[in-house]
Amino acid sequence: MSSHGNASGASDPRQPSAARPYVPPVVAPQDLPVDYSGFIAVIFGVFGVMFRYKLSSWLAIIFCAQSLANMRNYENDLKQISMAFMFAIMGLVTNYFGPARPGTKS
């Protein structure tokens with residue numbers, strides 16, 4: 001018989017009375033790591049509006065969704081995500097409903 005299936009409580013080194021639930025440490029908002037996906041979403045959104053790149057606007061929306069899913073500091077991150085999302089939407093609206101870019105075939 002192997003000792004792996006032994007259910008005797010005498011040889012169990014764990015102490016249930018000493019177990020405590022995990023409490024994550026409180027981190028100040030300025031000490032949180034930088035939200036790179038939110039920053040990249042802003043950059044792609046601005047490029048989508050300024051240079052009228054459809055792919056850039058779509059990538060900005062994807063990075064906005066990723067940043068929204070991984071949001072840690074709600075106040076600051078929500079401002080950054082909403083700004084990036086507005087740039088991405090403006091880029092898509094101007095690309096799909098605005099006049100054609102000079103030098104492109106419609």
Locate the shortest heavy-atom distance separating G48 from S56; write the atom from each residue and the value. N-OG, 3.4 Å

Rounded to the nearest 0.5 Å, what's the gap from CD1 on I61 to CZ on F87? Could you check? 13.5 Å

Sequence neighbours left out, what pairs pass salt bridge (charged side-chain N to carboxylate O under 4.0 Å, His left out) with at least one residue falling in residues 43-56? none

Between F85 and M90, is there shared hydrophobic-cluster membership here, with clusters defined by ILVMFWY side-chain heavy atoms closer than 4.5 Å? no

Considering the options N95, V49, V93, which one meets the side-chain contact (heavy atoms from CB on, under 4.5 Å) requirement together with S57? N95

So if you build clusters from Ile, Leu, Val, Met, Phe, Trp, Tyr with side-chain heavy-atom gaps below 4.5 Å, do F39 and L59 land together? no

Donor-acceptor pair, distance only, cut-off 3.5 Å: does the side chain of T94 make one with the backbone of G91? yes

Going only through I, L, V, M, F, W and Y residues with side-chain contacts under 4.5 Å, is there a path from V34 to I40? no

Please round to the nearest 0.5 Å and tell me the distance separating atom CE of M71 and atom CD of Q80. 11.0 Å

To the nearest 0.5 Å, atom CG of L68 lies from atom OG of S82 at 10.5 Å

I'd like to know if W58 and M86 are part of one continuous hydrophobic network [Ile/Leu/Val/Met/Phe/Trp/Tyr, side-chain heavy atoms within less than 4.5 Å]. yes

Would you call the rings of F44 and F63 parallel, tilted or perpendicular if under 30° counts as parallel and over 60° as perpendicular? parallel

Identify the heavy atoms of G45 and A60 that sit nearest to each other, and give their distance. N-CB, 3.5 Å

Ring pair (Phe, Tyr, Trp, His ring centres under 6.0 Å) partners for F47, two or more places apart: F51

Applying side chain to side chain contact (heavy atoms under 4.5 Å, CB included) to S67 and D77, what does each step give before you reach the verdict? CA-CA 8 Å; S67 182; D77 288 350; 5.5 Å; no

Do I62 and I81 share a hydrophobic cluster, counting only Ile, Leu, Val, Met, Phe, Trp and Tyr and linking them when any side-chain heavy atoms are less than 4.5 Å apart? no

Counting only heavy atoms not in Y74, do more than 12 sit closer than 6.0 Å to its OH atom? no

